[in-house]
Engineer: 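Once you've had a glance at the structure underneath, I'll fire off some questions.
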Amino acid sequence: MGGNERGSRKLGLYIHIPFCASRCAYCDFCSTAGRRDLIPAYQKALKKHLTEAAPRLESYRIDTVYFGGGTPSWYGADYLVDLMGLIRKDMRLTADCEITLEANPDSVEAAGLGRLRRAGFNRISLGAQSANDAILRFLGRRHNWAQVPRAVEKARRAGFENISLDLIYGLPGQSREDWADTLRKAMELQPKHISCYGLKVEEGTPLWSRREDPDLPDEDTQADLYLYAVDTLAAAGYVQYEISNFAKSGYASRHNLKYWMGEEYLGFGASAASWLGGKRFTVLPDAEAYIAAIGSGGELMSELEEISLYEQASEYVMLRMRTARGMDPKEYETRYQNSFEPLEKLMESYVRLGLAQRMGDRWRFTPRGFLLSNRLIGELLDAQAEQKYHMGIPWRKEDYYDTLF
Ligand code: SF4
């Protein structure tokens with residue numbers, strides 16, 4: 001990087017807090033349940049990690065910090081404020097840095113939220129999930145719906161204006177009316193951002209044993225609930241900017257957009273993933289292993305790979321097609337030195353099927369296309385693979401003659 005560019009590169013920080021009060025039935029995130037005893041050692045490891053990494057980040061300006069989990073709100077405001085103080089002291093933050101806290105409605109208290117707000121936290125993402133208490137109990141959630149509006153109110157009083165609610169659809173026995181009720185009650189709280197995730201029954205979770213449960217909505221029902229959410233949220237002014245994410249104008253999550261736009265981020269804590277300097281790496285998904293590795297220099301990472309230009313192009317397709325921004329042919333061809341033409345042909349065929357649309361220079365999926373995105377992205381990647389041998393080298397006839405003379 002040239003000298004005059006120093007300090008101009010933007011970087012997002014992700015801090016993973018792998019602690020929860022208890023385990024939800026569907027959860028496959030890296031988190032321990034009820035292990036308060038581990039928290040002091042984990043905090044010490046996180047601080048050491050941040051302190052040791054900071055001198056290597058002098059050329060970056062941090063424009064997003066995201067505390068995810070796990071349940072950061074259960075970890076405790078004092079620990080989080082302490083971490084944020086360290087980040088501010090040792091790294092350079094932009095003036096408008098977005099600082100997000102993931103929280104659960106049962107573990108937010110007014111005084112703690114006030115301290116977090118004063119420490120610079122300015123966005124809160126609440127795991128609300130459903131307005132149906134029976135469903136919340138089935139999911140193993142510790143809160144009921146009545147705690148959600150109370151948590152939103154506490155956050156507002158503490159000075160949080162940028163509030164997001166996470167919701168889950170496709171729950172066992174969930175009807176369209178039930179989902180409509182959850183959406184309506186969520187929108188009544190006027191959050192700036194709403195995430196809607198389809199329930200996935202993952203192997204290794206308690207819910208896995210119920211994967212054949214006839215109560216679980218089939219694919220058609222999930223699709224119906226999804227499209228209902230897209231229409232309902234659009235009518236209320238929530239713009240869909242990613243498959244599962246909807247926001248009022250100006251309130252898209254800047255941190256999460258980094259993942260989908262291929263921008264750099266650095267993760268701290270167990271299981272935290274990073275994308276930095278053309279490398280992708282992930283910390284071991286185990287809090288005790290993380291504490292030991294940071295403390296004594298043992299094995300820290302579970303993955304480390306340099307991503308080739310071809311793989312970067314594939315990631316561009318996979319990640320961008322999750323977003324409403326979609327793919328930009330010029331950007332694609334310049335970045336990856338590869339023709340967009342085969343992708344364009346496929347996108348044209350999707351437009352004819354109502355699965356995609358062209359927005360100016362860019363191509364994106366429609367909500368129906370998002371529903372089929374796994375299959376469609378697979379087809380786009382196949383088309384891309386056919387010309388893999390072109391990647392990174394000039395391929396036109398003129399280039400051939402240029403190499404001869
Ligand atoms: S609160 Fe979140 S991270 Fe914790 S167990 Fe439940 S779903 Fe998993």
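Indexing begins at 1, ligand by ligand and atom by atom, following the structure's order.
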Engineer: Between His16 and Tyr290, is a side-chain hydrogen bond (donor to acceptor under 3.5 Å, both in side chains) present by the stated rule, with each step listed?
Structural biologist: CA-CA 11 Å; His16 190 75; Tyr290 174 74; over 6 Å; no

Engineer: Distance-only check: which donor-acceptor pairs under 3.5 Å involve side-chain atoms of residues 121-131, not counting sequence neighbours?
Structural biologist:
residue	atom	partner	partner atom	Å
Asn122	OD1	Ile99	N	2.7
Asn122	ND2	Cys97	O	2.9
Ser130	OG	Asn132	N	3.0

Engineer: Do NZ/NE/NH1/NH2 and the carboxylate oxygens of Arg210 and Asp215 come within less than 4.0 Å?
Structural biologist: no

Engineer: In terms of side-chain geometry, is the basic nitrogen of Arg157 or Glu153 positioned less than 4.0 Å from the acidic oxygen of its partner?
Structural biologist: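 A salt bridge links Arg157 with Glu153.
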
Engineer: So that I know where these two stand, are Tyr265 and Tyr14 an aromatic pair - ring centroids less than 6.0 Å apart?
Structural biologist: no

Engineer: Please state whether the rings of Tyr226 and Tyr169 are parallel, tilted or perpendicular, taking 30° and 60° as the class boundaries.
Structural biologist: tilted

Engineer: What protein heavy atom is closest to atom 3 (S) of ligand 1, reported as residue, atom name and distance in Å?
Structural biologist: Gly70 N, 3.2 Å

Engineer: By residue and atom, what protein N/O/S atoms are less than 2.8 Å from atom 6 (Fe) of ligand 1?
Structural biologist: Cys24 SG

